[in-house]
Amino acid sequence: MSTKQEEYEKSQLYRIRHSAAHVMAEAVLEMFPDGQVAIGPAIEDGFYYDFDLPRTLTPDDLETIENRMKELIKNKADFTCEEISASDAKKLFHDQTYKLELIEGLESGKLDDDGNPTDEKVPITIYKSGNFVDLCRGPHVKNTSQINPHAIKLLNVAGAYWRGDEHRPMLQRIYGTAWESKDELKEYLWKLEEARKRDHRKLGRELDLYSTNDEVGQGLILWHPNGGMVRHQIERYWDDQHIANDYDLVYTPHIGKASLWETSGHLGFYKENMYSPIEIEDQEYYIKPMNCPFHLHIYKSQLRSYRDLPLRFAEKGTVYRYERSGVLHGLMRVRGFTQDDAHHFCRPDQMAEEVDFTLDFSINMLRAFGFNDFQAYLSTMPEKRVGDEQMWQDAEAALEDTLKRMGVPYEVDEGGGAFYGPKIDLKVRDALGREWQLSTIQFDFNEPERFDLTYIGEDGKEHRPYMVHRALLGSMERFFGVLIEHYGGAFPAWLSPKQVMMIPIADRHNDYAHEVANKLKEVGLRVTVDDSSDRMNAKIRNAQKQKYPYMLVIGDREMEDSQVALRRRSGENPGAMSVDAFIALALDEIERKI
RNA sequence: GCCGGCGUAGCUCAAUGGUAGAGCAACCGCCUUGUAAGUGGUAGGUUAUCGGUUCGAUUCCGAUCGUCGGCUCCA
């Protein structure tokens with residue numbers, strides 16, 4: 001459990017939200033006296049409560065419930081806490097099946113009042129407010145008057161499984177948000193609105209970046225020319241950085257024989273996510289869900305000496321994974337995607353340095369794309385695992401030491417590692433303060449064993465190398481989605497699919513505009529000339545909407561003096577300058593990635 | 001996959017149990033313009049698909065596909 005979470009749970013805001021959930025439950029039960037209530041905690045930015053109701057809720061219901069909540073708050077009801085025995089609790093909640101199940105869990109000491117596994121046996125407490133009594137650990141505000149009725153809002157209804165288990169009943173979850181002041185609520189709603197405006201699916205269409213298509217299939221991305229240019233720029237930078245940092249670029253096929261996936265273990269533990277095999281001359285082949293087996297075979301293609309290590313094989317490898325239809329989401333969650341993958345092979349004595357390098361490289365890569373706020377998560381040894389304990393401890397120590405040395409804030413997820421090794425996940429915070437998980441750096445103790453990877457040591461004997469699997473951007477698709485939202489579609493010039501829009505004022509300026517455009521193209525700038533019959537104002541408007549970083553207005557004055565008049569996307573208007581001055585300015589900003 | 005919503009022109013959205021309409025975009029003109037929409041006209045739809053109810057369905061019902069909000073899972 002994170003420290004940030006613990007701090008939140010102690011805050012007044014947490015109490016307000018948790019209490020608002022109770023008030024909401026009271027309002028809902030007034031509407032549906034036979035309704036069943038499940039669980040209603042405070043969450044980031046708000047709260048929810050799950051209900052089992054005789055009918056589905058409509059948006060109108062939400063409004064009714066919200067209004068009733070505001071009335072209930074005005075009643076200034078006290079929240080009172082009481083510890084009771086399990087049998088009393090069962091009597092009290094005799095008609096609430098979900099609560100009874102929670103009481104069972106509490107009684108047996110295995111589950112807490114949210115139904116999560118716990119080691120400590122907690123006392124059973126109930127909280128009363130107004131006409132509502134809930135099985136609840138608290139804490140709450142003292143009185144509903146501490147909830148600001150002008151700072152709450154119900155947001156939406158959604159389905160949610162009881163206890164998050166897809167085999168159990170589907171409940172109706174109402175999400176709401178609550179703050180201390182009306183202004184904070186307003187700011188939060190503004191943020192939601194801003195997020196909607198920046199939604200990569202909306203911008204993806206408006207800026208003609210990518211699309212999906214029914215006939216092509218769900219979760220499969222068509223990168224349009226504009227998106228393709230952004231991707232090309234990302235990849236070009238990525239390639240250059242990797243080559244400069246002692247990576248070897250490799251390329252591997254999209255399919256591999258069944259036996260490969262048996263050796264790697266994927267048919268054992270990852271089959272759920274793999275597509276059905278293709279039969280070729282009586283052999284089964286699978287489309288790859290991961291790149292690692294191929295990279296391992298490249299390693300194995302020759303005898304490796306301890307002097308060769310570390311080896312770093314990098315590939316923008318396209319993989320296909322089965323994802324349930326309901327989870328697909330724009331570019332963020334797709335069925336075919338390209339990982340910016342790499343596998344490092346090193347000796348035990350190189351481990352610390354290798355991890356240092358990887359995290360440092362990762363952070364530098366992300367900084368280039370405008371991300372400066374990082375949060376790391378270290379996941380350690382789970383119960384079910386491969387590899388001996390010493391390896392785990394060494395690897396975990398290497399990961400943690402690196403985080404400390406580099407001063408990256410991190411939280412530890414005890415036992416949260418994959419069965420094959422511990423890992424660091426890196427999250428970045430975007431322009432709206434939202435967190436996205438991009439990089440992952442994980443040890444793999446499984447595959448080197450399965451493929452029997454070795455190197456010849458100084459002692460002339462065979463040794464097993466350590467293997468690190470890492471993706472920095474994650475996948476090109478998801479990263480592109482995050483980038484679109486981070487920049488709100490206004491990419492910095494170096495990434496922008498289109499960089500310069502030439503805006504001749506009248507037809508007589510067209511030839512000169514094209515002439516300048518050619519000059520700009522020669523130095524590598526991506527230029528468009530708007531020689532349509534639109535007025536200048538309309539041309540500017542169109543270029544703004546397409547988020548061109550530079551607009552060059554050309555009229556009689558510019559033509560006469562061999563100049564261009566620069567207008568920036570920001571609205572800033574530096575005015576006339578020579579073509580060379582503009583070239584210098586643009587190339588400098590592109591070079592500096594601003 | 002599950003629960004719920006939605007699917008009308010390229011986009012954003014109207015309308016109706018009785019043969020669908022606007023704005024923007026597109027196309028063709030006119031205008032030749034100084035920092036976010038000049039103007040006239042033309043064209044564009046088997047109302048996602050399939051089936052059912054009905055004299056008649058785009059509207060009502062069912063299924064399928066897609067999509068949106070969540071749950072679960074994840075790069």
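Keep in mind it's a predicted model, so treat the numbers as computed, not measured. Proteins get letters first, then strands, A, B, ... in listed order; numbering begins at 1 in each.
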Next on the checklist: I'd like to compare against my own output: the B/S/- annotation of nucleotides 66-71 of chain B with a strict under-4.0 Å heavy-atom distance to protein.
Outcome noted: SSSBBB
Checklist entry - Any chance the side chains of Thr252(A) and Glu315(A) put a donor and an acceptor closer than 3.5 Å? => result yes
Checklist entry - If the C1' atom of rA63(B) is compared with that of rA20(B), how far apart are they to the nearest Å? => result 26 Å
Next on the checklist: Tell me every residue that passes side chain to side chain donor-acceptor pair (under 3.5 Å) with Arg367(A), counting only those two or more places apart in sequence or in another chain.
Outcome noted: none
Checklist entry - Distance between the C1' atoms of rC13(B) and rU54(B), in whole angstroms? => result 30 Å
Next on the checklist: Suppose the criterion is salt bridge (charged side-chain N to carboxylate O under 4.0 Å, His left out): which pairs have a residue in residues 471-493 of chain A, not counting sequence neighbours?
Outcome noted: Arg231(A)-Glu477(A), Arg434(A)-Glu485(A)
Item to check | Tyr286(A) ring center near Tyr270(A) ring center (under 6.0 Å) | outcome: no
Next on the checklist: Requiring both pairing distances under 3.5 angstrom, list the stems that contain RNA chain B and are made of three or more consecutive Watson-Crick or G-U pairs.
Outcome noted: B:1-7 with B:65-71, B:10-13 with B:21-24, B:26-30 with B:38-42, B:48-52 with B:60-64
Checklist outcome for this item: Under a 4.0 Å heavy-atom criterion, the protein footprint on nucleotides 24-36 of chain B, written with B, S and -, is ------BBBBBBB
Checklist entry - Mind checking whether Tyr49(A) and Phe47(A) have ring centres under 6.0 Å apart? => result no
Checklist entry - What is the distance from CG of Asp413(A) to C1' of rC74(B), rounded to the nearest Å? => result 15 Å
Checklist entry - Which atoms form the tightest heavy-atom contact between Met31(A) and Arg55(A), and what is the distance? => result CE-NH2, 4.1 Å
Write out a two-atom table: protein N or O, nucleotide N or O from nucleotides 45-47 of chain B, distance below 3.5 Å.
none

Next on the checklist: Please report whether the ring centroid of His167(A) lies less than 6.0 Å from that of Tyr161(A).
Outcome noted: no
